[in-house]
Amino acid sequence: MYNFKVNFDKALKICKLNSNDLVNEFGNVPRPGPIPKFSDLEVISLSMMAEALGIDSENLLFLKIRTDYPEDFSTIISRRQYNDRRKSLFPLQKDIQSRMAKQIDEFEPIGRVKHTLAA
C-alpha cells in the first residue's frame with residue numbers, strides 16, 4: 001500500500017520550501033506563547049496528506065496514526081487541537097498551495113489552443 005510517514009515527510013519538505021518567508025525557523029506562524037511540539041507546517045502537511053490519500057475521516061486518520069505509526073508521530077496533537085489549528089491555518093495552507101500551483105504552472109505552455117464546437 002503506502003507508507004503514510006514517508007508521504008508526510010515529503011509533504012512537509014515541500015511545505016517548508018514554499019513557506020520560508022511565512023513561518024519562523026520552527027515552522028510556526030510567529031505568535032507569542034510556548035512553541036508547539038507539533039508545528040504549524042506539520043499540521044498543514046498532515047491535512048494535505050490526508051486529503052491527498054483520500055482519508056476523509058479525522059477519526060480514521062488519527063486511529064491510523066496511533067495504531068500504525070505511534071513512534072513516528074510521537075508529538076502528535078489531539079484531534080481537537082488539530083481541528084482548531086487547521087482551521088486557523090487555512091489561509092496559510094491556501095497560500096502554500098497556491099505557491100505550489102504556480103511552480104507547477106510555470107512549466108505549462110503560454111499560448112492556449114482555442115476550442116470551438118462545430119455547428
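Computed over heavy atoms, backbone and side chain alike; hydrogens, waters and symmetry mates excluded.
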Closest contact, heavy atoms only, Pro30 versus Leu22: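 Closest approach of Pro30 to Leu22, heavy atoms only: CD-O, 4.1 Å.
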If you round to the nearest 0.5 Å, how far is [atom2] of [Y] from [atom1] of [X]?
{"X": "Leu46", "Y": "Asn7", "atom1": "CG", "atom2": "CG", "answer": "12.0 Å"}
{"X": "Leu41", "Y": "Asn20", "atom1": "CG", "atom2": "CG", "answer": "10.0 Å"}
{"X": "Ser45", "Y": "Lys13", "atom1": "OG", "atom2": "NZ", "answer": "13.0 Å"}
{"X": "Phe4", "Y": "Leu53", "atom1": "CZ", "atom2": "CG", "answer": "6.0 Å"}

So, do [X] and [Y] sit near enough that their side-chain heavy atoms are less than 4.5 Å apart?
{"X": "Asp56", "Y": "Leu61", "value": "no"}
{"X": "Arg66", "Y": "Ile76", "value": "yes"}
{"X": "Tyr82", "Y": "Ser47", "value": "yes"}
{"X": "Asp68", "Y": "Leu63", "value": "no"}
{"X": "Asn3", "Y": "Phe8", "value": "no"}
{"X": "Phe73", "Y": "Phe62", "value": "no"}
{"X": "Met100", "Y": "Met48", "value": "yes"}
{"X": "Lys5", "Y": "Asp9", "value": "yes"}

Heavy-atom donor-acceptor pair, Arg85 side chain to Ile77 backbone, under 3.5 Å: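 No, Arg85 side chain to Ile77 backbone: no donor-acceptor pair under 3.5 Å.
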Asp40 side chain to Gly27 backbone, donor-acceptor under 3.5 Å: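 Not at all, since once roles are kept as given, no pair shorter than 3.5 Å links the two residues.
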Ring-face cation of Lys64 near Tyr69 (centre distance under 6.0 Å, axis angle within 45°):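 No, Lys64 does not lie over the aromatic ring of Tyr69.
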Ionic contact status for Asp84 with Arg80, cut-off 4.0 Å: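 Asp84 and Arg80: salt-bridged.
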Pair Asn18-Gln97, side-chain donor/acceptor within less than 3.5 Å: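 Side-chain D/A pair, Asn18 to Gln97: absent.
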Ser39: which of Ile44, Asn24, Asn28, Thr75 passes side chain to side chain contact (heavy atoms under 4.5 Å, CB included):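 Single pass found, and it is Asn28.
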Joint hydrophobic cluster, Leu60 plus Met49, side-chain heavy atoms closer than 4.5 Å: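 Leu60 and Met49: one cluster.
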Test side chain to side chain donor-acceptor pair (under 3.5 Å) applied to Arg86 and Glu58, Gln81, Gln93, the passing residue: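 The single option meeting the side chain to side chain donor-acceptor pair (under 3.5 Å) with Arg86 is Glu58.
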